[in-house]
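Letters A, B, ... are given to chains in the order of the sequence lines, protein chains preceding strands, and every chain is numbered from 1.
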Amino acid sequence: MDIIAANHLTKSYRQYRRFPGLIGSVRSLFTRQFTEETAVNDISFTIGEGEAVGYLGPNGAGKSTMIKMMTGILVPTAGDIRVLGAVPHEARKTNARQIGVVFGQRSQLWWDLPVTDSFDLHKTIYQIPETKFKQNLQMCMELLSIHEFVEKPVRQLSLGQRMRVEIAMALLHEPRILFLDEPTIGLDVMAKDQIRHFLRMVNRERKVTILLTTHDMKDIEEICPRMIVVNKGTLVYDGSVEELRARLGNERRVVIDFREDPGPLDMPGITLLQEEGLRKTYLVSRSESTVFELVSRIAARYPVEDASIESADIESVIRRLYRQLADEESIGRQIG
Amino acid sequence: MTFQLFGQLVRLLMKEKMQYRGDFLLSAVAQIISYAGDYIVIYLFIKRFDTLAGWNWPEIALLYSIGLFTYALGASFSFVQMSQLEGQVRQGTFDTLLIKPVNPYLYLVSRGFNLAYIAHITISGSVLVWAMLQLNLHWTWIQYIYLLIAIISGSMIHAGIMTMIGAMSFIWVRSSYLFSLFFQLKNFISYPLPVFGTVVQLLLTVVVPLGFVNFYPAAYLLDNDTALMPAWAMWLVPLAGPIVYGLGYRFWMFGANKYQGAGG
Ligand SMILES: Nc1ncnc2c1ncn2[C@@H]1O[C@H](COP(=O)(O)OP(=O)(O)OP(=O)(O)O)[C@@H](O)[C@H]1O
Ligand SMILES: [Mg+2]
């Protein structure tokens, strides 16, 4: 069953022109001049119960806007969106009980009070039965190691600790869908890992549907089998990571340790990505057998100590996709 | 929004405030001193003329106290909440209110319930009682009930107007000017309205109905002249509050649907 369905969904922001001062305020009320910006442009997709979907796109692509429409914060300009069968902004109260929302950049906790107070308040707001609350809290506190700082005021927590608390809180009422807008932003590797494992478990074992936005491709790799990529408001890809990799062709990274600096290599089809002393990383856009051939040709002509071929990680696949989108756009501009 | 939730919010708010209880007490004392100053200014002013538009000092003390008392009640549920809304809308932190399974308006006003108005309530309540004793009133229970209803209705007028101003944040994103305008107008109701002439009285009766907060009910209770309005207008007092507050609430909810958030 589809738990989320977006159908030709569009959101434009209207920015009203403001004039300074008291008279200006009155004037802006009556003139109402505005500029319009389309943040989400005619997007359609469906998400089934139990899926974990990564929502990707460069800065300003309209990811947060999409999450805000799905959670009922914003009212769409055109098209329609259904979450759990209802229109989110019309069914805010009923939907809110069944969804959990985490904003990486906005806290929902009480800054000056211990973490437990925010949890208790959440219990009252969501009217969670005592036993269910205790059970879920126990589980989250254990898996996210929250015990150590649960009595500390929120303002004293580190960003990583706070984010773990935010995620735990979003799950206390057993939502069917969990929305996360950049949950790993600004966290260290350990904190990211813990959150990823936890979210993966929540999705696989507790069958909570997850939709998250991120700029960290490892989040997608670990949590989301499916990804949706948007750019400038329009949907550009919806499918699995593997498919995308296949579609963009096989791109390989080759790391070569030289015995001495060979200078720029005179070889077609390779680009230098990175240089750390005698270790250089190249990007090679060929199929696997020819990459191997290419490396042996380099070894024949230059003083190579060691070489390794890495398969393209998701990060470079995405980078490639973004670059391709930018190219298409500049071509479009030249023609149009 | 349930009473249980409201109770818990108040408990947390008190806990939060008590971490800075020095600040809290100090500002409460400062408020009381500043309003005591206001009373003294009015007293000195009246003393020179004996009466003002036919109102003597204890009567004006009663008038002013109802105005302040109702302001404090209304403002504890609306002033900080509504004046900070502009910032919350601009920064997009209002987002988090819309994802809770509670009415966002009721949650916002309860979450921001401001205990600091205890200072205003203490001083205006005391002066109100003092004035009533001074005036040697021979009221029946009807007048006492009427006073109670007028206080509730007056608080709703204050809260309703501030709610409307707050709702402008969603549409116009600059409510601070309107708040200062509101406080300018509110200054008028410290005195009997006829003092300021017909235009001001009409303005505060029809456009921004602050006259119903204290002037009309007090004039009725003290049997003073209301100038422009007929005697039956007294019965508009209990209606004015619910109407203004209801309109404010509607307008606010309408505004919330226009909320655009902030980038992020
Ligand atoms: N409240 C707003 N008013 C006007 N324009 C907005 C508003 N919020 C977002 N935008 C614009 O809409 C577009 C999409 O913004 P959005 O925040 O959805 O992007 P995003 O994909 O989440 O970006 P990021 O990765 O940087 O978080 C941007 O061009 C942004 O400037
Ligand atoms: Mg964003």
Side-chain angles (χ1 to χ4, degrees), chain A residues 11-16 18 20-26 28-29 32 39 59-60 63-65 67-68 71-75 88-90 92-101 103-108 110-114 117-118 120-127 153 170 173 179 181-182, chain B residues 1-20 86 88-107 110-111 165 168-181 184 253-254 256-264:
Chain A
K11 173 76 194 177
S12 315
Y13 288 108
R14 277 191 176 185
Q15 221 50 340
Y16 286 94
R18 265 185 269 146
L22 174 60
I23 304 293
S25 295
V26 178
S28 30
L29 187 63
R32 305 249 85 186
N59 289 130
K63 303 180 296 295
S64 300
T65 304
I67 288 214
K68 287 180 201 167
T71 49
I73 294 169
L74 296 182
V75 181
H89 76 269
E90 284 170 7
R92 261 181 206 140
K93 278 211 273 186
T94 41
N95 267 23
R97 272 181 211 292
Q98 303 191 63
I99 64 172
V101 189
F103 295 112
Q105 325 219 45
R106 302 206 203 307
S107 180
Q108 303 189 50
W110 284 49
W111 206 239
D112 282 323
L113 297 181
D117 283 325
S118 292
D120 287 343
L121 184 67
H122 192 87
K123 171 174 178 257
T124 312
I125 294 177
Y126 286 82
Q127 297 171 337
H173 54 284
F179 294 97
D181 195 359
E182 306 196 37
Chain B
M1 199 69 205
T2 58
F3 283 110
Q4 190 199 358
L5 177 53
F6 181 67
Q8 190 170 358
L9 282 170
V10 172
R11 217 170 50 243
L12 293 183
L13 286 164
M14 280 169 75
K15 195 170 162 187
E16 207 175 43
K17 276 279 180 315
M18 283 309 114
Q19 298 192 1
Y20 306 99
E86 190 178 317
Q88 272 179 281
V89 168
R90 197 167 30 220
Q91 287 163 22
T93 45
F94 185 74
D95 286 1
T96 53
L97 239 100
L98 293 173
I99 52 173
K100 291 183 168 52
V102 286
N103 178 309
Y105 178 79
L106 295 181
Y107 188 80
S110 317
R111 167 69 174 87
I165 296 175
M168 296 307 275
S169 312
F170 295 121
I171 294 156
W172 184 7
V173 201
R174 190 160 292 176
S175 57
S176 49
Y177 292 115
L178 286 172
F179 270 109
S180 46
L181 193 65
Q184 294 296 330
M253 291 300 265
F254 165 80
N257 271 331
K258 295 246 174 284
Y259 173 65
Q260 297 207 81

For A/Q98, is it the side chain, the backbone, both or neither that has a heavy atom under 4.5 Å from a heavy atom of chain B? neither

Does B/L9 form a side chain to side chain contact (heavy atoms under 4.5 Å, CB included) with A/T124? I'd like the steps, not just the answer. CA-CA 10 Å; B/L9 282 170; A/T124 312; over 6 Å; no

B/Q4, B/E16, B/K258: which one forms the most heavy-atom pairs within less than 4.5 Å of chain A? B/E16

Test item: B/I99 and A/F103 side chains (from C-beta on) under 4.5 Å apart, heavy atoms: yes

For the pair B/R111 and A/W110, evaluate side chain to side chain contact (heavy atoms under 4.5 Å, CB included) and give the outcome as yes or no after the intermediate values. CA-CA 11 Å; B/R111 167 69 174 87; A/W110 284 49; 3.2 Å; yes

What are the two closest non-hydrogen atoms of A/V75 and B/N257, and how far apart are they? CG2-O, 3.5 Å

Which atom pair, heavy atoms only, marks the closest approach of B/D95 to A/K68? OD2-CE, 3.4 Å

For chain B, the option from A/L74, A/T71, A/L113 that forms the most heavy-atom pairs under 4.5 Å: A/L113

If we only count heavy atoms from C-beta on, is the A/I73 to B/F94 side-chain gap below 4.5 Å? no

Sort A/T94 into side chain, backbone, both or neither according to what part of it lies under 4.5 angstrom from a heavy atom of chain B. neither

Using non-hydrogen atoms and a 4.5 Å limit, figure out which bit of A/S12 sits close to chain B: side chain, backbone, both or neither. backbone

Just to verify, what does B/S176 make a side chain to side chain contact (heavy atoms under 4.5 Å, CB included) with, not counting sequence neighbours? B/E86, B/R174

Got a donor-acceptor contact below 3.5 angstrom from the A/R92 side chain to the B/K100 backbone? no

Taking all non-hydrogen atoms of both residues, which atom of B/T96 and which atom of A/S107 are closest, and how far apart? CG2-O, 4.2 Å

For B/K15, all residues meeting salt bridge (charged side-chain N to carboxylate O under 4.0 Å, His left out), sequence neighbours excluded: A/D117

Region of A/D120 that comes under 4.5 Å of a non-hydrogen atom in chain B: both

